[in-house]
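A quick write-up on the structure given underneath.
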Amino acid sequence: MSERGTTRRRFLTAAGSAAATAALAGCSSGGDETPDGGDETPDGGDGTPGGDGTATDRPEPETREGYLQRANLHVHEQAPWGFLNRQYSVYGQSDDIEWEPRVDERIAAYAIEPATDAGEDVTITQSQMDSGLDPQDHRETPTDNIVLQAYEGLLERDAEGTIVQKLATDYERLDETTVQFTVRDGVTFHEGESLVPDDVAYSINRIVDSEVGIESPQTDQLVGVDGASVASEDDRTVEVSLTGLNPIVFQSFATYCDVMNREWVEGNDDSYVNSNMNGTGPFALTSYEQGVAVEFERNEDYWDDPAAISTLTINAASESSTRVNRLLNDETDVAVNVPPQEVSRIDGNEGTSVSAVPSTRVLFTAMRYDAEPFDSPEFRRAINYAIDLESIIENVLQTFGDATGQPTLEGFFGYNSDVDPYPQDLERAEELVEESGYADAEITLVTPIGRYLRDVEIAQAVAGQVDELSNVSAEAEQQEFQTLVGQVTTGNIEDKPPWYLLGWGNATFDAIQTIQPLLATDGALTSYEDEELDRLLEEAQNLPSEEN
């Protein structure tokens, strides 16, 4: 299948290791070009208003990539977000281990090698703990980094971005709306049950069909998947039906859908499934204290080579200084989300070092299209013109970030290279506020605490810059990450704050997996509704992908 060798070039482009090195050295990140200032927005190109407010008609795109690029342009113009930056993943790590960070932010302890005797027992400290151990009932990377130690999917990407087989030994497209997986034989769950194709079909259906057991927040991570069934009783195949062509179906399965044991899930209640684990992965759960720590031991019966390390502990500290101090005091081996001001302290300490890589995560401030004053496109664009992205990258992130002007990051399929970030233009911002009819608006930006690299400081900078406008008052309000997650994942847009800061990682390297869940009308986490955007996404999903 062409999918098997896909996206390595784009993965490496996204990785931008040279940019990371430059950033570590304190140089410019070399990301987006400095935007040309003054103009309103780029020419619409899709019949939406251009810089002078008039519509510009252009031919329809002819390719899937063209539709996705048009979607990115459309979103830039309508500005449902305050566009911020590409996040960098910055880690501090002990010299007791050998480990390389990945652009998709996943920390698979299976890849960690001991460098000294002390490296046999590894501790990772991230900013947040899990929201439960059910691998199909969450949406956040901190939980991913815990459950992926014990649960596995059919496919995954290796460190270079190539799709590789895990619990599937073969996969192919049978026709436009059907794909097939061959399930690996000889695999056992941690409690001893053998993996069978029915477990795979059940796991897929549990995500995409709310009647199977839960209302999974991961439904649109398998967008376009209609359901799954065991192909026959005497072989190892599972057939997956699709609602349409679904050009990135194997990319999605390489990122999402951990496989669970059907009998174990159905035999236990949700509380038990969320506080215990029974996967097929390289580590088995030994202890779980909710909100405090998760402990694993090496799975000696793993179907592949056993992990190189013996035990793994994952704990959390929302304060970055606490994470760094644990690393410097030899209390942890990996500290996640090291702030730029702590880099020299870690690099200058004997036995620790810093690793950084541009991630697949975009940071943005969502503005609910149905809430005043954000129901006005003019007001939303004014927010973008009020923000000084260059200052945030330079002074808040100290170059550990790249400015963005669209939902899709550079190097991803569908990225529009003609769209630049909004320049800061306070005069134009004030004009747009007046045009919106919301002069003297008072707005509050809700930000999580310590979830993303310098999230609170970024939010304070954004609110402060918007507050500089003579006709808008803005302030930042801090909130625990899990509280914000609870609000944005209910499926009801009214539950979300009108203006909130969030990050979104996209390990499929395809524009659809950012725009569809966050900005399409039927997106699980959407803050926006727009018929033209929905049409562009639908057109894209019904065309074969040129590279995928």
Tyr438 and Val472: side-chain contact (heavy atoms from CB on, under 4.5 Å), yes or no, with the steps?
CA-CA 8 Å; Tyr438 287 117; Val472 178; over 6 Å; no
Start with the C-alpha gap between Asn325 and Glu319, add the side-chain angles, then the distance that decides, and say whether side-chain contact (heavy atoms from CB on, under 4.5 Å) holds.
CA-CA 10 Å; Asn325 286 334; Glu319 290 290 335; over 6 Å; no
From CA spacing to verdict: side-chain contact (heavy atoms from CB on, under 4.5 Å), Glu390, Gln424
CA-CA 9 Å; Glu390 288 189 353; Gln424 188 188 40; over 6 Å; no
Just do the side chain to side chain donor-acceptor pair (under 3.5 Å) check on His76 and Asp420 with the steps written out, would you?
CA-CA 9 Å; His76 172 89; Asp420 290 329; over 6 Å; no
Take Thr125 and Asn315 through the test side chain to side chain donor-acceptor pair (under 3.5 Å) and record every step on the way to the result.
CA-CA 5 Å; Thr125 301; Asn315 56 33; 2.7 Å; yes
Test side-chain contact (heavy atoms from CB on, under 4.5 Å) on Arg139 and Val488; report intermediate values, then the result.
CA-CA 10 Å; Arg139 289 296 295 243; Val488 302; over 6 Å; no
Pair Glu378, Ser376 - check side chain to side chain donor-acceptor pair (under 3.5 Å), show working.
CA-CA 5 Å; Glu378 289 80 10; Ser376 163; 3.1 Å; yes
Asp96 vs Thr116, test: side chain to side chain donor-acceptor pair (under 3.5 Å). Steps then yes/no.
CA-CA 5 Å; Asp96 289 332; Thr116 70; 2.8 Å; yes
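Under 3.5 Å, the side chains of Tyr369 and Asp530 contain no donor-acceptor pair of N or O atoms. Checked by atom type, the side-chain pair Thr360/Asp104 shows no donor-acceptor distance below 3.5 Å. Gln87 and Ser359 form no side-chain donor-acceptor contact under 3.5 Å, judged by distance and modelled atom types alone. Glu342 and Ser320 form no side-chain donor-acceptor contact under 3.5 Å, judged by distance and modelled atom types alone.
Enclosure of atom CD in Glu120 by more than 12 non-hydrogen atoms of other residues, nucleotides or ligands within 6.0 angstrom is indicated. No more than 12 heavy atoms of other residues, nucleotides or ligands sit less than 6.0 Å from atom CD of Glu100. Within 6.0 Å of CD in Glu434 there are more than 12 heavy atoms belonging to other residues, nucleotides or ligands. Counting heavy atoms of neighbouring residues, nucleotides and ligands inside a 6.0 Å radius, atom CG of Asp117 does not exceed 12 of them.
Scanning all heavy atoms of the two residues, the minimum distance from Leu533 to Leu519 falls at CD2-O, 3.6 Å. Scanning both residues, Gly486 and Thr490, for their nearest heavy atoms gives O-CG2, 2.9 Å. For the pair Tyr288 and Gly132, the tightest heavy-atom approach, listed with the atom from each and the gap, is OH-CA, 4.3 Å. Nearest approach of Gly153 to Lys166, heavy atoms of both residues: O-CB, 3.2 Å. Taking each heavy atom of Leu445 and Leu501 in turn, the nearest pair found is CD1-N, 3.7 Å. Shown here for Leu453 and Tyr88, the closest heavy-atom pair between the two residues is CD2-O, 3.7 Å.
Arg368 pairs by the salt bridge (charged side-chain N to carboxylate O under 4.0 Å, His left out) definition with Asp370, not counting sequence neighbours. Shown here are the salt bridge (charged side-chain N to carboxylate O under 4.0 Å, His left out) partners of Lys496, two or more places apart in sequence or in another chain: there are none. Not a single side-chain hydrogen bond (donor to acceptor under 3.5 Å, both in side chains) links Ser436 to another residue, sequence neighbours left out.
In this structure, the side chain of Asp333 engages the main chain of Thr123 through a donor-acceptor pair within 3.5 Å. Remark: side-chain polar atoms of Asp467 are paired, donor with acceptor, to backbone N or O of Ala474 under 3.5 angstrom. Put simply, the side chain of Thr489 gets close to the backbone of Val485: a donor and an acceptor are under 3.5 Å apart. Looking at Tyr422, its side chain never comes within 3.5 Å of a backbone N or O of Ala382 through a donor-acceptor pair. Between the side chain of Glu430 and the backbone N or O of Ser470 there is at least one donor-acceptor pair closer than 3.5 Å. Formation of a donor-acceptor pair under 3.5 Å by the Asn349 side chain with backbone atoms of Arg345 is not found in this model. Distance alone, capped at 3.5 Å, is enough to place a donor-acceptor pair between the Tyr452 side chain and the Gly503 backbone. A donor-acceptor pair under 3.5 Å links the side-chain atoms of Gln69 to the main chain of Tyr415, judged by distance alone. Within the 3.5 Å criterion, the main-chain N or O of Asp258 finds a donor-acceptor partner in the side chain of Gln136. Side-chain atoms of Arg323 do not come within 3.5 Å of backbone N or O of Gln126 as any donor-acceptor pair.
To the nearest 0.5 angstrom, Thr143 atom OG1 is 9.5 Å from Asp137 atom CG. With rounding to the nearest 0.5 Å, the separation of CG in Leu327 from OG1 in Thr352 is 5.0 Å. The structure places CG of Asp347 at 6.5 Å from OG of Ser353, a figure rounded to the nearest 0.5 Å. Between the CD atom of Glu140 and the CG atom of Asn145 there is a distance of 11.0 Å, given to the nearest 0.5 Å. Taken to the nearest 0.5 Å, the CG atom of Leu84 stands 8.5 Å off from the CG atom of Asn384. Remark: Leu73 CG to Leu68 CG distance equals 12.5 Å, nearest 0.5 Å.
The closest side-chain heavy-atom distance from Arg157 to Gln251 is below 4.5 Å. Side-chain contact check for Phe413 versus Ile248: every heavy-atom pair is 4.5 Å or farther apart. Counting heavy atoms from C-beta on, the side chains of His138 and Asp130 never come closer than 4.5 Å. Gln465 is listed as a side-chain neighbour of Ile392, based on a closest heavy-atom distance under 4.5 Å. At least one side-chain heavy atom of Ile146 sits less than 4.5 Å from a side-chain heavy atom of Phe296. Residues Pro498 and Ile443 form no side-chain contact, since every pair of their non-hydrogen atoms from C-beta on lies 4.5 Å or further apart. At a threshold of 4.5 Å between non-hydrogen side-chain atoms, the residues Arg454 and Gln341 count as touching. Between Tyr528 and Gln78, some side-chain heavy-atom pair lies under the 4.5 Å cut-off.
Checked against the 6.0 Å centroid criterion, the rings of Phe412 and Phe509 qualify as a close aromatic pair. Checked against the 6.0 Å centroid threshold, Phe374 and Phe379 count as a close aromatic pair.
A salt bridge links Glu435 to Arg428: one of the charged nitrogens lies within less than 4.0 Å of a carboxylate oxygen.
Each of Thr408, Asn506, Thr255, Leu518 was evaluated against Gln513; a single residue qualifies, Asn506, per the side chain to side chain contact (heavy atoms under 4.5 Å, CB included) test.
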